[in-house]
**Q** 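Before anything else, here's the structure in question.
Just so it is clear, the model here is predicted, and its values are computed rather than measured.
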Amino acid sequence: MFLLLFLVPAALALWPNPHSVSYGTSALILSPTFWIHWASTTPAPGDVTAAISRTMAELYTDNLQRLVVGRANADLPALAYANSLPMIHLEIIGNSPIKSIMAEATCILGERDESYTLTIPADGTPGMLQANTTLGLFRGLTTFSQLWYSSGGVAAIFPYNSFFPGSSMIYTVQAPVMITDTPAYPYRGLLLDTARNFFPVADLYRTLDAASYVKINTFHWHITDSQSFPLTVAAFPELSQYGAYSAVQTYSLQDVQDIINYAGARGIDVMLEIDTPGHTASIWESHPEYVACYNEAPWTTYANEPPAGQLRFAVPEVLNFTQQMFASVLSTLPSTLFSTGGDELNTACYVNDTIFQDALTASGQNFSQALNTFVLGTHDTVRAAGKTPAVWEEMLLVQNVSLGLDTLVIVWISSEDALAIAEKGYKMIHGPSDYFYLDCGGGAWLGNDTNGNSWCDPFKTWQKAYSFDPLQNLTASQYSLVLGGQQLLWTEQSGPENVDPIIWPRAAASAEVFWTGANGPDGLPRNSSEALERLHDVRYRMVARGINAINLQPEWCALRPGECNLV
């Protein structure tokens with residue numbers, strides 16, 4: 001049809017980029033009676049039915065016009081003669097039992113199957129979404145929802161309006177679409193610290209929604225720290241009773257389960273972290289006998305942040321307490337991952353602590369040996385609950401704890417540290433501060449540091465995160481040790497008021513790095529110029545769905561790809 005000559009479509013605005021994709025130049029409208037059909041004879045699990053309903057709602061409420069000059073008006077000539085898509089079939093292939101999205105999302109990291117194939121014909125016949133698991137179907141639904149735009153109500157004034165089913169249409173101009181997709185890495189995370197400042201459950205829900213839109217599959221929940229202990233522990237309710245900022249700034253047992261269930265239904269596993277033996281001053285509020293150097297001054301001698309205070313890990317009762325605390329929490333977690341932390345342990349905290357020193361003497365161990373006993377003891381508890389322990393990199397590279405080889409090591413100090421972890425044979429999760437720290441560049445948060453900057457300046461742009469190579473400095477034999485990575489928000493200067501623009505859409509960068517890998521579906525290396533056009537689309541969709549994501553450029557630039565690049 002001659003009207004199709006008006007169309008000059010760019011690449012599909014999908015995020016993260018699929019493994020393999022092809023598309024055409026034909027317009028296609030969602031039928032007024034469009035529906036998503038569960039094709040299996042086995043009833044759909046409840047979270048699949050809910051995901052289908054959410055997808056339908058997003059299709060008709062995003063109201064996003066295509067990011068081109070003229071917006072929807074540019075596409076109206078072609079839409080007058082477009083075919084309609086009547087439905088899309090959702091089909092589980094293979095003979096495995098059909099499980100819920102949550103069950104698939106929380107299984108062993110290396111066994112999660114998120115692959116899918118999506119076919120959208122241009123001739124008006126039904127589409128097809130196939131996957132081996134409900135989790136794969138969910139990822140495919142996420143992709144499907146990114147294909148469509150709204151005519152924004154302008155169709156009613158177009159001369160060919162008799163062709164239109166109503167005053168507004170949901171359409172694409174790039175049919176047919178054929179996608180085969182699977183992630184490059186099994187772990188694609190987002191860390192949020194909810195201890196330095198408290199985040200109500202509703203804000204966590206919204207953050208999980210946004211994470212699911214870009215196929216992030218792990219919420220690394222840093223839930224306790226020296227400043228507060230908001231987590232309710234069934235075996236030790238006094239921890240949050242005395243250690244939280246207030247009675248209303250706590251996560252009840254039901255809150256934690258609700259957040260885990262909400263995340264799981266969106267294909268996201270929750271890896272809880274209770275950082276030990278450092279970052280534990282808040283435990284002093286209920287158990288002062290377990291904590292050394294509490295609130296000692298100057299705090300800079302005894303801790304990286306105030307207040308000082310660390311577990312007396314050489315004391316046998318402290319290990320017993322920590323194991324019981326972990327066991328109580330672990331019994332409620334479906335995830336197979338749990339982080340015991342282990343970062344920024346300050347040795348000066350223990351030098352003049354007579355209780356700690358007496359315990360060392362009584363045990364016949366030195367500092368390193370006692371730390372090894374403590375960490376391995378807590379990891380025994382993690383494994384006894386059927387979980388895999390994760391730690392920050394110092395436990396391996398600084399403290400030289402003899403970690404089990406199943407332990408996941410999180411890179412954070414520098415991207416250069418990945419090689420040392422690989423040389424020791426440990427699997428790793430990338431989260432280095434020189435690429436992925438979302439709080440960098442906000443200035444100093446210390447009250448009297450007039451000219452101070454954040455320790456990890458400068459601000460880490462989405463382009464910086466997007467430039468990361470997960471395999472840099474590693475040898476081919478070490479590539480399999482990389483499980484993925486994440487972006488991280490430490491919240492000294494963040495709260496519910498600014499969490500959306502601090503995280504989004506920047507954290508979408510690592511979501512694509514670890515879903516797509518080094519190369520895009522065209523086989524060419526990832527590059528930020530190509531990605532920006534698609535990331536604009538991500539941001540506008542997030543805003544349409546209630547996420548206060550920050551602008552990346554003036555809208556003038558978003559409508560004119562490449563025209564705001566340096567030349």
Side-chain angles (χ1 to χ4, degrees), residues 15-17 183-193 210-211 214-220 222 271 339 343-344 390-394 396-397 408-422 426-443 453-474 478-479 481-494 501-520 525-532 534-535 538 549-550 552:
W15 197 284
N17 239 336
Y185 296 97
Y187 184 106
R188 304 175 309 281
L190 172 69
L191 177 144
L192 182 64
D193 157 26
V214 292
K215 301 186 177 73
I216 285 173
N217 74 347
T218 306
F219 175 41
H220 181 172
H222 184 87
M271 180 174 74
S339 174
D343 62 318
E344 298 181 331
V391 296
W392 297 105
E393 62 175 83
E394 294 102 307
L396 180 69
L397 301 183
L408 306 184
V409 180
I410 307 169
V411 182
W412 76 271
I413 297 174
S414 170
S415 57
E416 298 296 323
D417 296 338
L419 177 59
I421 294 168
Y426 286 85
K427 294 178 180 178
M428 73 186 76
I429 296 167
H430 285 298
S433 59
D434 48 334
Y435 284 88
F436 292 137
Y437 269 36
L438 295 165
D439 53 306
C440 301
N453 295 313
S454 61
W455 71 272
C456 55
D457 271 6
F459 181 90
K460 300 300 182 285
T461 64
W462 76 265
Q463 293 98 324
K464 176 68 173 179
Y466 195 74
S467 71
F468 183 72
D469 178 2
L471 304 177
Q472 63 189 30
N473 303 323
L474 302 181
Q478 297 167 337
Y479 289 172
L481 297 175
V482 177
L483 299 184
Q486 61 188 4
Q487 282 179 268
L488 310 89
L489 179 58
W490 303 104
T491 60
E492 289 88 349
Q493 295 178 298
S494 297
I502 287 287
I503 296 179
W504 308 113
R506 275 195 296 162
S510 61
E512 177 154 298
V513 166
F514 297 109
W515 177 281
T516 304
N519 298 320
R526 282 182 284 104
N527 74 85
S528 59
S529 294
E530 180 279 330
L532 178 57
R534 295 182 292 109
L535 193 55
V538 171
I550 200 168
L552 299 171

**Q** If you take all heavy atoms of L488 and G431, which pair is closest and at what distance?
**A**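 Shortest heavy-atom contact: CD1-O, 3.3 Å.
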**Q** When rounded to the nearest 0.5 angstrom, what is the spacing between CZ in F436 and CZ in R506?
**A**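 So the gap between those two atoms works out to 12.0 Å.
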**Q** Quick one: side chain to side chain contact (heavy atoms under 4.5 Å, CB included) partners of L419, sequence neighbours excluded?
**A** E423, L474, Q478
**Q** Calculate, to the nearest 0.5 Å, the distance between atoms CG and CD1 belonging to L192 and I503 respectively.
**A** 5.5 Å
**Q** Can you name the one residue among Y185, Y187, F514, Y435 that meets side chain to side chain contact (heavy atoms under 4.5 Å, CB included) with H430?
**A** F514
**Q** Could you walk me through whether I429 and V409 pass side chain to side chain contact (heavy atoms under 4.5 Å, CB included), step by step?
**A** CA-CA 6 Å; I429 296 167; V409 180; over 6 Å; no
**Q** How many angstroms lie between atom CG of D439 and atom NZ of K460, to the nearest 0.5 angstrom?
**A** 9.0 Å
**Q** Quick one: salt bridge (Lys or Arg N to Asp or Glu O under 4.0 Å) partners of E416, sequence neighbours excluded?
**A** none
**Q** In Å, rounded to the nearest 0.5 Å, how long is the span from CD1 of I410 to NZ of K427?
**A** 15.0 Å
**Q** Without hydrogens or angle criteria, can the side chains of S510 and Q487 be said to hold a donor-acceptor pair below 3.5 Å?
**A** yes
**Q** With distance as the sole test, does D434 use its side chain to make a donor-acceptor pair with the main-chain N or O of S415 at under 3.5 Å?
**A** yes
**Q** Which atoms form the tightest heavy-atom contact between M271 and A390, and what is the distance?
**A** SD-CB, 4.1 Å
**Q** For L190 and T218, run side chain to side chain contact (heavy atoms under 4.5 Å, CB included): C-alpha distance rounded to whole Å, both residues' side-chain angles, the deciding distance at 0.1 Å, then the answer.
**A** CA-CA 6 Å; L190 172 69; T218 306; over 6 Å; no
**Q** Between CG of L471 and CG of N473, what distance do you get to the nearest 0.5 Å?
**A** 10.5 Å
**Q** Run the salt bridge (Lys or Arg N to Asp or Glu O under 4.0 Å) test against R534 and tell me which residues pass, sequence neighbours left out.
**A** E512, E530
**Q** Would you give the length of the straight line joining atom CG of L397 to atom CD1 of I413, rounded to the nearest 0.5 angstrom?
**A** 7.5 Å
**Q** I'd like to check the side chain to side chain donor-acceptor pair (under 3.5 Å) partners of Y437; sequence neighbours left out, ordered by chain and number.
**A** W490
**Q** Of all heavy-atom pairs between V214 and A508, which one has the smallest distance, and what is that distance?
**A** CG1-CB, 3.9 Å
**Q** Test W504 against I550 for side chain to side chain contact (heavy atoms under 4.5 Å, CB included), laying out the working first.
**A** CA-CA 6 Å; W504 308 113; I550 200 168; over 6 Å; no
**Q** Can N17 and T516 be counted as having a side-chain donor-acceptor contact under 3.5 angstrom?
**A** no
**Q** Compare all side-chain heavy atoms of L483 with those of L408 and state whether any distance is below 4.5 angstrom.
**A**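 Heavy-atom side-chain distance check passes, below 4.5 Å.
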**Q** State, with a plain yes or no, whether a side-chain heavy atom of V513 is found less than 4.5 Å away from one of P470.
**A**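 Sidechains of P470 and V513: in contact.
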**Q** For the residue pair Q493 and G443, what are the closest heavy atoms and their distance?
**A** OE1-O, 3.3 Å
**Q** If you take all heavy atoms of S494 and L489, which pair is closest and at what distance?
**A**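 Smallest heavy-atom distance, with atoms named: OG-CD1, 3.8 Å.
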**Q** Would you say that W462 contacts S528 through its side chain, given a criterion of any heavy-atom pair below 4.5 Å between the two side chains?
**A** yes
**Q** Verify the distance criterion only: is there a donor paired with an acceptor across the side chains of D457 and S454 at less than 3.5 Å?
**A**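 There is such a pair between these side chains.
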**Q** Side chain to side chain donor-acceptor pair (under 3.5 Å) with W412: which residues, sequence neighbours excluded?
**A** E394
**Q** Using every non-hydrogen atom in the two residues, find where S414 and E393 come nearest and quote the distance to one decimal.
**A** N-OE1, 4.1 Å
**Q** Could you pull out all residues at least two apart from R188 that satisfy salt bridge (Lys or Arg N to Asp or Glu O under 4.0 Å)?
**A**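 With neighbours one apart ignored, the set is E114.
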**Q** Go through the steps to decide whether L481 and Y426 satisfy the test side chain to side chain contact (heavy atoms under 4.5 Å, CB included), and finish with yes or no.
**A** CA-CA 7 Å; L481 297 175; Y426 286 85; over 6 Å; no
**Q** Taking the side chain as every heavy atom from C-beta outward, state whether F468 and P432 have any atom pair closer than 4.5 Å.
**A**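 Yes, close enough: below the 4.5 Å cut-off.
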